[in-house]
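Below is one structure, written out as C-alpha cells; the observations come after it.
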Amino acid sequence: MSASVNKSEEQVILEVRDLDVFYGQKQAIHSVSMQIKKGTVAALIGPSGCGKSTFLRSLNRMNDFVGTAKVTGDVLYKGQNLYGKKVDPVELRSQIGMVFQKPNPFPKSIYKNITWGPKVNGFDGDTDLLVEKSLKRASLWDEVKDRLHDSAFDLSGGQQQRLCIARAIAMNPDVILMDEPCSALDPRSTQGIEDLISELKRRYTIIIVTHNMQQAGRISDETYFFHEGHLVEFGETKQIFTNPSKKKTEDYITGRFG
Amino acid sequence: MSGTLAKESMAAKPVIQSTKASRRVSRRKLFDRCFYRLCQFTVLLALMSLVTLIGHILYEGISWLKIDFFLNFTSRFAEQAGIKAAIFGSVWVLFLTSAFAVPLGVSAAIFLEEYAPKKKWVEWVQINIGNLAGMPSIVYGLVGLAVFVRYFNFERSLLAGSLTLGLLILPIIIISSQEAIKAVPLSLREAAYALGARKWQVVFGQVLPASLPGILTGVILSISRAIGETAPLIVIGALSFVAFTPVSIWDEFTVLPIQIYNWASKPQEEFHHLAAAAIIVLLVLLFFMNFIAIYLRQKYQRYKL
Ligand SMILES: Nc1ncnc2c1ncn2[C@@H]1O[C@H](COP(=O)(O)OP(=O)(O)OP(=O)(O)O)[C@@H](O)[C@H]1O
Ligand SMILES: [Mg+2]
C-alpha cells in the first residue's frame, strides 16, 4: 500500500501548491495547484489573458525578469521548492527548458545555437556529438546536417522552432515548457512539431500552452483549463474533451467563448 | 456585368456629392504634388551644393596630389610642402582617441543599459550625456586645455589632443551604443536566460555580439567626426608647422584638418591648392570610414529580428 503511494509520488516531477502571481496590485494567477507526472504531456488551455503564460513562466522563474511580478506559493520540482531561499534560479533554468511562442534562435550559426547553452553551463564534452544528437531528437538533423555553420536565420519558421526545441534538448532538461510553440507556424510545420512532441514525451516531461483545442486533444495526456487566473478544471485530456464537469470548460471547448 | 454596374455606381457617386467635396479632393491632390516637388527640389539643392563643393575642391587640388605630397613635410615653399606629418598625426590621433573613447564609451553604455539601477541619479547622468553630445566642440578644447594640457601637464602632446577628442566623442559613442543595445529584442535575452545563462554570459555572449554592428557603426562615425575636428585641437595648441613624425604619445603633432586650416588661411594662391589637395585626402579617409560603417550595417542586417 505505502509502496504504491511512494511510487506515485516519485512519478510527480512538478508539484504546484497554492500559486499566486501578482503584477503589481493585479493578481494574474489565483491559488493554482497541480501535480504533473514524469514523462507526460500536460496542455494548458484557456482564453487569451487568463494567465497561461504567466503560470508557465513561474515554473522556471522567468517571471523574475518582470520587475512588477510577485510569486507566492510553492513549486516543488523533484520535491525541492523552486522559490525556496537556497535555490539558484539560474541553475534551475538549465534543468527546465523553455520554448517560446515566436521562434527565437540566436543570431549565430545553427551549430552554435545548440552549443551555446551547454557551454555557458560548463559543458566540455564532444560538441559535434551533442549537436548531432540534439538535432536528431528534434528531427531537424537531416534538413540541416550539411549547413550546420549557416546562420540560424536562414531556416524556415518551422525549422527555426525545431532548432529552438533542439537547443532546449541539448541542455538535457527533465522538463520542457512550451508557450504556444506552433502559433507562428503553418499547418505543416505545426504537424512536424506535434509529431516531435509525441516523440519527445518518452524522455521529457512537457508542459505546453496552446490555443488549439485539436492540438491539445492530439498530443496531451492531461489538460488544464484556466479561466481568469483560476485553474477551473483539469484531468485526463480525453475526459476533459468528451465529458467536462464544469459548464465553463464545456463552453470553452465547444468554442462558445474564448 | 456586375463589374460595370459597380463601376457605374461608383462613377455616379461624385455627381451626387457636393462639388465642394470634389474641390477638396483636387486641392489635396495639388498639395500632394506640390509637396512632392518641394522634396525633390530640396534634395536636388543639397546634392548640387555637395557636387559643387567636391567639384571645386577636386578642380583646385587634384593636380597637386602627387607622391611627394604624401612624403614631404610641410614647408614654406608650396612646391615642397606635403602632409606627411599631418597624416601620421591623424592616424596617431585616430588610434589613440579610439583607444580611450571606445572601451570607455561601450562599457558605459553596457552599464547604463544592463546594470544601472532605475534611480534618479542614473536618469540625471543619462540626461547630461545627451547634453554633452550637443556641446560645441570648442568647449571640449577648453576643457582639454585646462585639464590635460595644464593640470596634467601633458602639454601640446598627442596624448592631450587625443584625450580631448576622446572626451568629445565619448557621449556620442555612449548614446549610439546604448541605442544598439536597446535594439536587441527581449526574446533573445529570454532565450539565453531560459538556457540557464548568468547575466554576464547573456550580456557578453548574446547581447553584445547582436548589437556589435550597431555599436561599430556608431563608433566609426564618431571617430570620423574626431578625425575631422579642428577647433578643440587648435584650442589646446596643436601645431600647424610640424616637420617630424611623432614617435610617442608625448610628442607634438599636427593633423589633417589643422594643416588644411593653416594652408587655407595663407595669402598665397598655391597654398590654397595644397589645402584643397589635403581636403581630398581627408574626404577620401572619411568616405572610407563611412563606407566601412555602411558595410558593417548591411552585413549584419539579416540578424535583425
Ligand atoms: N508584464 C506584465 N505586467 C502586467 N501585467 C501583465 C504582464 N504580463 C501579463 N500581464 C497580465 O496578466 C494576465 C495574464 O497574462 P498572460 O500573458 O499570462 O495570459 P495568457 O493566458 O498567456 O494569454 P495569451 O493566450 O493571450 O497568451 C493578463 O491580464 C495580462 O494583461
Ligand atoms: Mg500567452
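So you know, we letter chains A, B, ... as the sequences are listed, proteins then strands, and number each from 1.
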Within residues 86-98 of chain A, residues adjacent to chain B where the heavy-atom gap is under 4.5 Å
A:Asp88, A:Val90, A:Glu91, A:Arg93, A:Ser94, A:Ile96, A:Met98
For A:Lys201, is the NZ atom crowded, meaning more than 12 foreign heavy atoms sit under 6.0 Å from it?
yes
OH of B:Tyr295: more than 12 outside heavy atoms within 6.0 angstrom?
no
CZ (B:Phe88) with more than 12 external heavy atoms under 6.0 Å
no
Please check if atom CZ in A:Arg203 has more than 12 non-hydrogen atoms from other residues, nucleotides or ligands closer than 6.0 Å.
no
Is any residue of residues 118-130 of chain A within less than 4.5 Å of chain B by heavy atoms, and which ones?
A:Val120, A:Asn121
For atom OH of B:Tyr115, is the number of surrounding heavy atoms from other residues, nucleotides or ligands below 6.0 Å larger than 12?
yes
Could you please state which residues from residues 190-200 of chain B sit under 4.5 angstrom from chain A, measuring non-hydrogen atom to non-hydrogen atom, sorted by number, or 'none'?
B:Glu190, B:Ala191, B:Ala192, B:Tyr193, B:Ala194, B:Leu195, B:Gly196, B:Ala197, B:Arg198
List, one per line, each side-chain donor-acceptor pair under 3.5 Å for residues 156-170 of chain A, sequence neighbours excluded.
unit_1: A:Ser156; atom_1: OG; unit_2: A:Gln159; atom_2: N; d: 3.2
unit_1: A:Ser156; atom_1: OG; unit_2: A:Gln159; atom_2: OE1; d: 3.4
unit_1: A:Gln159; atom_1: OE1; unit_2: A:Ser156; atom_2: N; d: 2.9
unit_1: A:Gln159; atom_1: NE2; unit_2: A:Glu143; atom_2: OE1; d: 2.9
unit_1: A:Gln160; atom_1: NE2; unit_2: A:Leu155; atom_2: O; d: 3.2
unit_1: A:Gln161; atom_1: NE2; unit_2: A:Phe100; atom_2: O; d: 2.9
unit_1: A:Gln161; atom_1: NE2; unit_2: A:Gln101; atom_2: O; d: 3.4
unit_1: A:Gln161; atom_1: NE2; unit_2: A:Pro181; atom_2: O; d: 2.8
unit_1: A:Arg162; atom_1: NH1; unit_2: A:Ser139; atom_2: O; d: 2.9
unit_1: A:Arg162; atom_1: NH1; unit_2: A:Glu143; atom_2: OE2; d: 2.9
unit_1: A:Arg162; atom_1: NH2; unit_2: A:Glu143; atom_2: OE1; d: 3.3
unit_1: A:Arg167; atom_1: NH1; unit_2: A:Asn104; atom_2: O; d: 3.1
unit_1: A:Arg167; atom_1: NH2; unit_2: A:Asn104; atom_2: O; d: 3.3
unit_1: A:Arg167; atom_1: NH2; unit_2: A:Asn104; atom_2: OD1; d: 3.0

Validation row: A:Phe65, B:Arg189 side chains within 4.5 angstrom (heavy atoms)
no
Could you tell me which non-hydrogen atom of B:Gly205 sits nearest to which non-hydrogen atom of A:Lys108, and how far apart they are?
O-NZ, 3.0 Å
